[in-house]
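Atoms within a ligand are numbered from 1 in the order they appear, just like the ligands themselves.
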Amino acid sequence: MTEKNLTCIVCPLGCSIKVTLDGEKIVNVEGNSCPRGKEYAVSECTNPVRTLTTTIKCDNGRVLPVKTKKPIPKGKLKEYMDFVNNLLVHLDE
Ligand code: SF4
């Protein structure tokens, strides 16, 4: 058995959650104050995802704020950032 300690990022309360794993199988989740915390903890241990919020360069020297439409796998954040950093948006003014 292994234990993973997480801080829930779903709401500002930031509950401390402890997940007990038997190999890759989740056997217990505790410390969450609501079901959303359990959902977050399970996702974080099986398929962690994040919403990517960043900016894209525009050809007029400005930057455009953007974010992914839905959360993406945490392990792909660098790949997505590399892609976004190579974009240059043309804005008609
Ligand atoms: S477990 Fe629930 S109450 Fe606690 S931080 Fe997560 S969402 Fe908020």
Side-chain angles (χ1 to χ4, degrees):
M1 298 279 188
T2 57
E3 289 181 349
K4 232 180 180 178
N5 293 304
L6 306 168
T7 301
C8 182
I9 59 170
V10 177
C11 89
L13 210 57
C15 295
S16 296
I17 301 176
K18 186 167 77 179
V19 181
T20 306
L21 299 138
D22 183 3
E24 291 186 7
K25 187 178 175 213
I26 296 170
V27 293
N28 191 40
V29 177
E30 60 188 60
N32 54 300
S33 298
C34 73
R36 292 185 306 158
K38 183 174 182 179
E39 221 175 274
Y40 165 76
V42 169
S43 166
E44 198 62 9
C45 291
T46 56
N47 179 32
V49 293
R50 295 289 184 272
T51 297
L52 176 62
T53 305
T54 186
T55 55
I56 293 180
K57 287 179 265 178
C58 300
D59 61 358
N60 64 0
R62 294 185 179 171
V63 292
L64 200 59
V66 293
K67 72 175 190 177
T68 51
K69 198 172 182 179
K70 58 184 182 179
I72 59 173
K74 193 176 170 184
K76 296 244 178 197
L77 286 173
K78 185 181 177 332
E79 184 183 325
Y80 279 66
M81 275 307 299
D82 289 345
F83 177 76
V84 168
N85 284 336
N86 285 314
L87 295 175
L88 183 64
V89 174
H90 172 72
L91 292 178
D92 287 325
E93 292 190 42

Exercise. Using a 4.5 Å cut-off on heavy atoms from C-beta on, say whether the side chain of L91 contacts that of R62.
Key: no
Quiz item: Taking side chain as C-beta onward, heavy atoms only, is K4 less than 4.5 Å from I26?
Solution: no
Quiz item: Which residues and atoms, counting only protein N, O or S, are under 2.8 Å from atom 8 (Fe) of ligand 1?
Solution: C11 SG
Quiz item: Going only through I, L, V, M, F, W and Y residues with side-chain contacts under 4.5 Å, is there a path from L87 to V66?
Solution: yes
Self-check item: Joint hydrophobic cluster, M81 plus I56, side-chain heavy atoms closer than 4.5 Å
Solution: no
Quiz item: Under a 4.5 Å side-chain heavy-atom rule over Ile, Leu, Val, Met, Phe, Trp and Tyr, are V89 and V63 clustered together?
Solution: no
Exercise. Might you work through the side-chain contact (heavy atoms from CB on, under 4.5 Å) test for V49 and S43, ending with a clear yes or no?
Key: CA-CA 8 Å; V49 293; S43 166; 4.2 Å; yes
